[in-house]
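Below is one structure, written out as structure tokens; the observations come after it.
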Amino acid sequence: MSVIYILISISLALALLFFFIFIKSVKSGQFDDSYTPSVRMLFEDETKISSKKQSISKTKPNS
Amino acid sequence: MNKHSCFHCGIEHTNKVTIAFADKNFCCNGCKTVFEIFNESELTDYYSIEKTPGKIPEAIHGKYDYLTNESIVEKLLEFQDDELGIVTLHIPYIHCSSCIWILENLNRLLPAISSSTVNFPKKTTRIIYKKSETDLKGIAELLGSIGYDPYISLESIESNTDKKLHRELLYKIAVAGFAFGNSMLMAFPEYFEVDEFWLNQYKTFFRWLIFAFSVPVVFYAGRDYFVSAFKGLRKGLLNIDVPISLGISVLFIRSTIEIIFDLGQGYFDSMNGLVFFLLLGKFFQQRTYNFLSFERDYKSYFPIAVTRVKNKIEEVVQIKDIEKGDRLLIRSQELIPIDGIIIKGNASIDYSFVTGESTPVAKESGDKIYAGGKQLNGVIEIEAFKTVSQSYLTQLWSNDVFNKKKNEHFKGITDKISKNFTIAILLIAAISGAYWFTIESYKAINVITAVLIIACPCALALSAPFTLGNMLRIFGRHKFYLKNATVIENLADINHLIFDKTGTITSTDKHTINFEGDELTTEEFINIKSLLRNSNHPLSRMLYDFLPQEPITTSFEFNEIIGKGIEGIINEHLYKLGSASLVNKANTMLNETAIHIEIDGNYRGKFIFKNNYRKGTKELFNKLQQSFKLSILSGDNDGEKETLSTLLSNKTELHFNQKPEDKLDHIKNLQENKDKVLMLGDGLNDAGALAQSNVGIAISENINVFSPACDGIIDASVFEKIPLFLKLAKQSITVIKFSFIFSFVYNIIGLYFAVTGQLSPIIAAILMPLSSISIVTFVTICTNYIGQKLKA
């Protein structure tokens, strides 16, 4: 048995893995809207906002 | 007076009394309320993501009452069980990142909403909510209160077929792309045709592996081409898919035979590449404007349900269930869904949906009103005297024109050329086959298949989708949105342009008001304005806004005579403002909108309301008349005939008093005389004409407001650029023609190899992708270059 069969099957397995990942991501709806997520990722996390808010409201009366 | 811009909506206002909250300045209480709501829930980041992102909220009282009706809610919900409900709402106002942010943080305003997800390109929000804590009405009212009114109609419920088609194309591209890459890689060693021990040993293994990759490409990814070719042939048409599927099948069969009998490595890699590129072209062409709908009929304008009063009980009924004789309650800002008679209340109806004319019409009880108008203030009660489908406006939709798809019989430039192309290829294959048969007969079949393989018109099939698809995007960036790429081809053929008048060449919201008569003193102007302030009549409101004077605030006697006008005594002078009959004057000009003024019994003159033509109308018509026939089809009376004929060139045909059906028939007649008609209109009364014309374009001041079914929507701000758009459409066709020449050159080079019997897999593997890629590059550069002209 030659090593080439092993190498080919490994490369093929890898390619197939990516293929199935792509199919899965289409199925999950990732490609239905390619714009909104790009904006969404720039929003700050909610917890950060409220803590920032609190610090601002605390400092404000003094200034 | 200082100008302030509102912190919420950015509108500049000159309010004397500033409406302020937390150091912020607002134009109205509505905007302030929205800010307060956000402030309470710590959502003021809304204002830091984008500046002045908001909109003045509209009155919502009772607007969403129909959402308590079980059967309606059931139709709107995507999913529901005992606890959860999922709904996707279309919100036309979504326009910036702040919108996305606030809508995805809805649960901080209403904890009953467990999650909300925005789809920006489609302008929708998918909301999951707990049914025990809120209902659809609550959600709609919350959205309305922060200025994001959802647009709900039974038509708006998205059909999932679009999504499925989109996904299926992605799967096919994935399959073809996967096979293309891997088979190219594995075919590579054999390209060099060397006789080498290891290569010879593994040759068969590689070949069959490539074969395995190719089977799904032919039978799954490329299936549509076979189906389309078969359909075309059955109708006797040689469309572009015929030579494509011929090429694919010859490629597959010949390559299979070659590897079975160990004759060569076959052309599987080229075939996979071919299908991959073709599918990419399809994908490029398929992208359209998700947020615009081009297929609306009257049902999407009308509300889903109205309030019916029966035995003094108010109930919500669906529009289609209204019967003749039913009493309906129409609230402020609601559309009148049906022809009827006003029973109670004074109506002020804005028919701009129907005619494009936004000056409201006043009606009182006993008057007939027609479906399609929007009640502006106050509640009225009407009695339906027809059902919805029999109403004056909606009857139009029973016309055949709305039942057939417009572009079904349209032959695009690619289809026109593909017939001759296919015949030529078959001839070349036959002749060269016959030639080789006489010399070396065993080579004949080789040559025939090689011709069919290399002539497979991949580049030809790609040039039109890429050119038109790119042009479509360039137009879209300049606020001219087309339904699909075929419309550009249609645009290039147009030789007759027809314009609607009101709302199309006149702007919807602006009017010029002129005063005709004796000079009035400043004091008299002030008094007139003071009187107008007390009237809710639409014309009074417009005149009030027009007069620059400041009204006095002292009290005076005032009386409104319904249907006629107003009168009042200020400083012992008797003022009468209103219709001609109020001031006892014969109405000399029938086709004129005016307010007559009488002071102390002396007739002083009248304010005349005139339409305002869009900026650049004259230049536009002058430019267009050089290359097109022009007409105006107006539903209005000929009151503006003289203005129009001086404004527009005398070559323009003018037609007045055109009913919706007349417009449609007029276009039909022109088309029978071989004219290719472009119709520009805006209202529902143009819907028939837009559907009948070769290209129907709706013009709109705000593209998020609904326009009738059409092939394209143009923003009113680029109205002047229409000649340029038409010119660019023509130039795109020239680009396509040049790229055809380009791809013919490739074909001739390929045919040289094929006819002389030298087509090796490596030549096919280089030539076929190269031709596709260079064509795509060529047309993309060309369209971007000619698109530059729009920027000026």
Side-chain angles (χ1 to χ4, degrees), chain A, chain B residues 22-23 39 41-46 48-50 94 96-105 107-108 117-126 160 162-164 166-175 177-179 181-182 185-186 198-199 201-202 205-206 209 212-213 216 283 287 290-291:
Chain A
M1 237 354 231
S2 169
V3 72
I4 199 126
Y5 292 113
I6 301 170
L7 287 176
I8 290 288
S9 32
I10 290 173
S11 83
L12 204 60
L14 209 61
L16 279 172
L17 180 76
F18 283 118
F19 176 71
F20 283 113
I21 289 174
F22 177 75
I23 296 288
K24 236 191 121 186
S25 64
V26 173
K27 237 182 205 148
S28 70
Q30 276 190 37
F31 287 83
D32 292 345
D33 174 10
S34 50
Y35 180 82
T36 327
S38 71
V39 179
R40 191 178 295 140
M41 65 163 286
L42 295 173
F43 297 145
E44 292 189 58
D45 293 339
E46 278 179 50
T47 44
K48 268 186 194 167
I49 291 168
S50 51
S51 64
K52 202 176 76 188
K53 274 278 137 61
Q54 276 162 13
S55 63
I56 288 170
S57 53
K58 268 177 201 166
T59 50
K60 240 186 181 173
N62 302 330
S63 60
Chain B
D23 308 335
N39 196 39
S41 314
E42 292 191 350
L43 287 170
T44 42
D45 268 18
Y46 178 62
S48 53
I49 297 166
E50 301 263 345
I94 296 179
C96 68
S97 346
S98 280
C99 302
I100 301 174
W101 186 78
I102 195 74
L103 289 172
E104 299 207 331
N105 280 308
N107 68 328
R108 282 162 67 182
T117 319
V118 175
N119 182 327
F120 188 83
K122 286 192 176 154
K123 302 197 181 220
T124 57
T125 307
R126 190 163 181 268
N160 279 322
D162 261 12
K163 215 190 228 169
K164 261 185 203 149
H166 176 78
R167 285 187 182 174
E168 197 172 319
L169 187 60
L170 278 176
Y171 294 148
K172 284 178 178 167
I173 290 175
V175 168
F178 172 81
N182 284 292
L185 207 66
M186 294 191 178
W198 290 109
L199 195 63
Q201 194 170 354
Y202 292 114
F205 169 64
F206 278 133
L209 204 56
F213 288 143
F283 181 72
R287 285 183 51 195
N290 285 323
F291 64 97

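In this text, all values refer to a predicted model and were calculated from it rather than measured experimentally.
Using bins of under 30°, 30° to 60° and over 60° for the plane-to-plane angle, the ring pair B:Tyr202/A:Tyr5 lands in the perpendicular bin.
No donor-acceptor pair closer than 3.5 Å links the side chain of A:Arg40 to the backbone N or O of B:Glu104.
In terms of heavy-atom proximity, A:Phe22 sits nearest to B:Leu170 at CE2-O, 3.7 Å. The heavy-atom pair separating B:Met186 from A:Leu12 by the smallest distance is CE-CD1, 4.4 Å.
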From CA spacing to verdict: side-chain contact (heavy atoms from CB on, under 4.5 Å), A:Val39, B:Trp101: CA-CA 9 Å; A:Val39 179; B:Trp101 186 78; over 6 Å; no
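The candidate with the highest count of non-hydrogen atom pairs below 4.5 Å against chain A, out of B:Val175, B:Leu209, B:Thr117, B:Asn182, is B:Val175.
The shortest distance between side-chain heavy atoms of A:Ile8 and B:Phe205 falls below 4.5 Å. Counting heavy atoms from C-beta on, the side chains of B:Asn119 and A:Tyr35 never come closer than 4.5 Å.
Within the 4.5 angstrom heavy-atom criterion, atoms from both the backbone and the side chain of B:Tyr171 approach chain A. In this structure, chain A has no heavy atom under 4.5 Å from any part of B:Leu185.
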